[in-house]
Amino acid sequence: MQEQRKISVVVPCFNVTAYLDECMEHLLGQTIGIENLEIILVDDASTDNGATRKLVLQYEKEYPDTIIVVLLEQNLRQGGARNTGISYASGEYLVFCDADDWMKLDALEHIYNIAKRCDADVVEYRMQKVFYDTDLSLLSMEEGKDSYWIELDNEDMKKMFYKTSAENCSLGCMRKAYRLQMIQENQIQFTPYLICGEPSFTMPVRLYEKRHCFLNELLYFYRMTPGSTVHGNWEGRRLDNLHVWEILMDEIRERGFLQKYYEEMSYMFFQWAFVLSIRMLIQKEYALMVEEMQLLVGAVLGRFPDIRENVYIKEDKSVFMAVMLKILDLEITEESLSVIEEVIKKYM
């Protein structure tokens with residue numbers, strides 16, 4: 001019987017022939033050793049005339065003991081592709097790596113060692129965003145000295161942790177390693193088909209994990225690829241972020257956490273479903289639309305009609321927060337939208 005691998009790495013692949021070789025070079029060259037890795041390449045129904053499919057199959061043929069290829073017939077977007085990868089994973093820990101990104105060569109060894117040393121459910125590490133033409137020699141690779149771990153063993157600690165989103169405790173899924181048993185036992189998955197879906201996975205993870213370690217090392221490089229999901233055209237998906245959070249809140253209710261952590265969850269919904277959706281539309285230089293804004297306001301007040309009394313929101317005395325709360329009281333018209341947009345831009 002084959003010994004359990006230390007880490008499973010799930011790599012969603014969609015039209016990635018220009019980037020996958022670099023990603024795989026850094027995964028196959030990991031100092032932890034490929035005998036300790038399971039690399040799952042998920043071709044998300046690529047549309048490049050079979051080029052991506054051919055490439056991932058070549059890798060599987062060359063490294064049959066390390067690489068598993070899954071060929072999807074329907075495009076599920078990154079969330080659905082990651083879910084598929086999770087279903088094939090069998091390592092102690094689970095890591096996601098996008099096909100146009102890469103990891104430092106000793107990354108997985110560091111991550112695994114700290115996970116075992118701290119008995120961590122999640123290990124988080126630093127990520128650097130880079131453009132496709134970035135000179136990597138100019139990036140700071142210094143290891144920080146303020147790594148730490150959090151034991152989620154009391155309610156006050158849990159509440160602060162659940163509502164946090166900071167550089168060392170993000171809602172993103174990429175720069176983390178997860179204890180696979182925790183993911184499997186609690187059936188944690190991404191919302192498929194939608195963009196901006198990472199919180200649908202990372203928020204349930206927060207609710208179940210008991211030890212979270214932050215490793216202050218730059219281990220992951222996130223390539224800012226022109227035409228990627230983040231930087232591409234969002235027409236038809238302008239409110240995907242809202243929909244992700246609506247589905248997530250329904251799931252959190254079903255899991256029994258919504259009422260227990262009502263203040264924290266309502267705060268996160270306001271900040272990340274409502275405020276962030278508006279900010280992203282403006283940052284993408286999309287004009288705000290009356291119907292969209294009405295949907296956003298309705299989503300907040302429909303789920304959390306007492307949102308103005310949220311303890312964390314009341315603590316925020318910033319002008320920006322006051323502006324966002326004021327939107328909830330306005331009649332949404334073309335005229336009021338133009339004013340709203342200008343004011344938000346001023347304080348973003």
Indicate yes or no: at least one non-hydrogen side-chain atom of [X] is less than 4.5 angstrom from one of [Y].
{"X": "Q4", "Y": "E92", "result": "yes"}
{"X": "Y178", "Y": "C173", "result": "yes"}
{"X": "L41", "Y": "V70", "result": "no"}
{"X": "K260", "Y": "E155", "result": "yes"}
{"X": "M24", "Y": "L27", "result": "yes"}
{"X": "M103", "Y": "C97", "result": "yes"}
{"X": "I39", "Y": "V10", "result": "no"}
{"X": "M321", "Y": "L325", "result": "yes"}

Check ion pair [X]-[Y] (N to O, under 4.0 angstrom):
{"X": "E151", "Y": "K210", "value": "no"}
{"X": "E342", "Y": "K346", "value": "no"}
{"X": "R179", "Y": "D119", "value": "yes"}
{"X": "R279", "Y": "E341", "value": "no"}

More than 12 heavy atoms of other residues, nucleotides or ligands under 6.0 Å from [atom1] of [X]: is that the case?
{"X": "E291", "atom1": "CD", "answer": "no"}
{"X": "K158", "atom1": "NZ", "answer": "yes"}
{"X": "E35", "atom1": "CD", "answer": "yes"}
{"X": "Q294", "atom1": "CD", "answer": "yes"}
{"X": "Y148", "atom1": "OH", "answer": "yes"}

| field | Verdict with supporting geometry, M268 and W245, side-chain contact (heavy atoms from CB on, under 4.5 Å) | value | CA-CA 9 Å; M268 293 298 281; W245 278 91; 4.1 Å; yes

| task | Could you check R53 against D43 for salt bridge (charged side-chain N to carboxylate O under 4.0 Å, His left out), going step by step and ending with a plain yes or no? | result | CA-CA 6 Å; R53 177 169 295 203; D43 176 28; 3.5 Å; yes

Heavy-atom closest contact ([X] atom, [Y] atom, distance):
{"X": "L105", "Y": "Q30", "value": "O-OE1, 3.0 Å"}
{"X": "I307", "Y": "V300", "value": "CG2-CG1, 3.9 Å"}
{"X": "G91", "Y": "L180", "value": "O-CD2, 3.2 Å"}
{"X": "L296", "Y": "L242", "value": "CD2-CD2, 3.8 Å"}
{"X": "I188", "Y": "M182", "value": "CD1-O, 4.4 Å"}
{"X": "Y125", "Y": "M174", "value": "OH-O, 3.5 Å"}

| query | Does the side chain to side chain donor-acceptor pair (under 3.5 Å) test come out yes or no for R175 and Y222, once each step is laid out? | reply | CA-CA 9 Å; R175 54 191 182 102; Y222 174 83; over 6 Å; no

Give, for atom [atom1] of [X] and atom [atom2] of [Y], the distance between the pair rounded to the nearest 0.5 Å.
{"X": "I183", "Y": "Y93", "atom1": "CD1", "atom2": "OH", "result": "11.5 Å"}
{"X": "S170", "Y": "F214", "atom1": "OG", "atom2": "CZ", "result": "9.0 Å"}
{"X": "Q128", "Y": "D101", "atom1": "CD", "atom2": "CG", "result": "12.0 Å"}

Please determine which of [options] meets the side chain to side chain contact (heavy atoms under 4.5 Å, CB included) test together with [X].
{"X": "M293", "options": "L330, T333, L281, L337", "answer": "L337"}
{"X": "V56", "options": "T17, L71, I67", "answer": "L71"}
{"X": "T52", "options": "N49, D48, L55", "answer": "D48"}

| message | salt bridge (charged side-chain N to carboxylate O under 4.0 Å, His left out) for K159 and E264? Distances and angles first, verdict last. | response | CA-CA 7 Å; K159 289 177 180 180; E264 292 71 35; 5.1 Å; no

| Judged by atom type as modelled, is there a donor-acceptor pair below 3.5 Å linking the side chain of S336 to the main-chain atoms of E331? |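 Here the side-chain-to-backbone pair exists.
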
| task | List the steps and the verdict of side chain to side chain donor-acceptor pair (under 3.5 Å) for Q74 and D44. | result | CA-CA 7 Å; Q74 178 185 6; D44 192 18; over 6 Å; no

Face-on cation placement of [X] at [Y] ring, 6.0 Å and 45° thresholds:
{"X": "R126", "Y": "Y220", "value": "no"}
{"X": "K163", "Y": "Y312", "value": "yes"}
{"X": "R206", "Y": "Y162", "value": "no"}
{"X": "R223", "Y": "Y19", "value": "no"}

| said: Please evaluate residues F190 and I86 with respect to the criterion side-chain contact (heavy atoms from CB on, under 4.5 Å), reporting the C-alpha separation (whole Å), side-chain torsions for both, the decisive distance (0.1 Å), and the verdict. | reply: CA-CA 10 Å; F190 293 85; I86 293 170; 4.2 Å; yes

| task | Go through the steps for E198 and L171 under the test side-chain contact (heavy atoms from CB on, under 4.5 Å), then give the verdict. | result | CA-CA 7 Å; E198 294 183 32; L171 286 172; over 6 Å; no

| query | Are F269 and Y262 near enough that their ring centres are under 6.0 Å apart? | reply | no

| With sequence neighbours excluded, residues passing side chain to side chain contact (heavy atoms under 4.5 Å, CB included) with A18 |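 In terms of side chain to side chain contact (heavy atoms under 4.5 Å, CB included), with neighbours along the sequence ignored, A18 is linked to no residue.
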
| query | Please walk me through it: do D250 and R253 pass salt bridge (charged side-chain N to carboxylate O under 4.0 Å, His left out)? | reply | CA-CA 5 Å; D250 290 341; R253 179 188 292 108; 3.2 Å; yes

| task | Begin with the C-alpha distance, continue with both residues' side-chain angles, and end with the deciding distance and a verdict on ring-ring contact (aromatic ring centres under 6.0 Å, His included) for F274 and F304. | result | CA-CA 12 Å; F274 180 68; F304 305 108; over 10 Å; no

| field | Stepwise side-chain contact (heavy atoms from CB on, under 4.5 Å) check, M157 with I150 | value | CA-CA 9 Å; M157 177 65 77; I150 301 170; 3.6 Å; yes

